[in-house]
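Some notes on the structure that comes next.
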Amino acid sequence: MGKFLRIIITVFICIGFGNLTLAAEKLQVMASIYPMAEFCRGVGGDLVDVYQMVPNGIEPHDYEPSPKDLVKLGNMRVFVYNGGVEFWATPALQALQEKEIISVQTGEGIGEKDPHVWVSPRGAIQQVKKICEVFCQADSQNTAQYKLNTERYLSELSKLDEQYSNLAKQYRRRTFVTAHAAFGHLAKDYALQMVPVAGLSPEAEPTPQDLQKVLQLVKKYQVRYIFFETLTSPKLAELVAKETGAKTAVLDPLEGVAETDKVTYLELQKRNLEALKREFAE
Ligand SMILES: [Zn+2]
């Protein structure tokens, strides 16, 4: 409730600056989090200016927009978000109703219980298609180019989809241990087994019983690596690794990158694939 009230107050402040809309030739797009921004760049190419609400270096589950962020959102033509991670998106859009921002919740219908839709290439494919639809709606004279960009980006995602699908054919052991439960869609889509140390959000800390269960599973499946993330503390992963004799390694939930990192979503997906192969290898 506190968070919601704060947003409403900040939005009242920002409405005062509401008419600062700048004339811009390119389609002005706000993406909520890093993977949404990446998909927007893939679909939009040179035709769009893509901004990212949750800055690089910040874990998106912890983020709250500032009044300045909301003013910026108010100046956008399109807002692309995932849903489920951005608790602030609905109240922000309601407060900015008069701006007629075209918004799309790309995880709608896919990530109702677990928001981490973008982590699976199959989920990403659906999200990219939805982004293409809104860009074509917002900037219809460039429809042909958006469709061409989308086709190219989707062919990259399809390659990843195929490579992830091959894991089930290549490896018998397919259990992996992760810091927070961000890989549920990936596991479901590609017949893998995820054992998360924490919950759906990195702050959902495990109880001693949860931890005990993870330790047992690590031993049972002879897991080699306890995967941790780039934007959260590796402490829990290190603890589990120490208790079980496993090593630690990075498996990226692709939620955000370090402040100065220029790495693309597609590159990070390839790194994850290699990390999983090292875990699954006999
Ligand atoms: Zn997450």
Side-chain angles (χ1 to χ4, degrees), residues 3 31-40 52-65 69 80-90 92 105-128 160 164 176-190 192-207 210-211 214 225-240 248-259 261 263-269 271-273 275-276 279:
K3 278 176 179 174
S32 61
I33 54 177
Y34 165 81
M36 297 306 115
E38 278 287 293
F39 299 162
C40 288
Q52 191 179 306
M53 197 79 162
V54 182
N56 284 349
I58 303 284
E59 217 295 318
H61 292 280
D62 306 333
Y63 167 85
E64 275 183 65
D69 295 330
V80 175
Y81 66 114
N82 180 82
V85 191
E86 314 91 337
F87 70 88
W88 44 270
T90 309
Q105 184 188 336
T106 58
E108 197 174 13
I110 320 166
E112 305 305 330
K113 285 196 192 111
D114 171 4
H116 302 88
V117 174
W118 66 86
V119 183
S120 164
R122 228 169 269 178
I125 285 170
Q126 296 190 58
Q127 294 186 295
V128 164
L160 274 175
Y164 272 105
F176 63 103
V177 178
T178 67
H180 90 283
F183 301 85
H185 289 280
L186 187 82
K188 180 171 67 66
D189 288 348
Y190 301 105
L192 315 174
Q193 191 193 357
M194 168 184 71
V195 177
V197 180
L200 277 170
S201 139
E203 305 91 78
E205 284 190 17
T207 63
D210 293 338
L211 214 49
V214 171
Y225 295 97
I226 310 301
F227 289 119
F228 67 98
E229 303 166 13
T230 45
L231 293 180
T232 51
S233 161
K235 243 194 242 162
L236 265 177
E238 281 165 359
L239 177 83
V240 174
T248 56
V250 170
L251 192 68
D252 202 310
L254 312 150
E255 298 181 350
V257 290
E259 215 172 335
D261 209 341
V263 68
T264 67
Y265 169 92
L266 295 169
E267 284 161 355
L268 286 175
Q269 277 285 22
R271 287 186 201 169
N272 277 357
L273 194 63
L276 287 172
E279 172 61 72

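Note: hydrogens, waters and symmetry copies are ignored here, and every other heavy atom, side chains too, is used. Whatever order the structure lists ligands and atoms in, that order sets their numbers, starting from 1.
Put simply, the side chain of L254 reaches to within 4.5 Å of the side chain of N272, judged on heavy atoms.
A distance of 8.5 Å separates CZ in F183 from CE in M194, rounded to the nearest 0.5 Å.
By the ring-ring contact (aromatic ring centres under 6.0 Å, His included) test, F39 pairs with Y265, sequence neighbours left out. Remark: H116 pairs with H61, W118, H180 by the ring-ring contact (aromatic ring centres under 6.0 Å, His included) rule, at least two apart or across chains. Qualifying ring-ring contact (aromatic ring centres under 6.0 Å, His included) partners for Y164, counting only residues two or more places apart in sequence or in other chains: Y190.
Below the 2.8 Å limit, the Zn ion (ligand 1) has as protein N, O or S neighbours H61 NE2, H116 NE2, H180 NE2, E255 OE2.
The main-chain N or O of N82 is found under 3.5 Å from a side-chain atom of E86 such that the two form a donor-acceptor pair.
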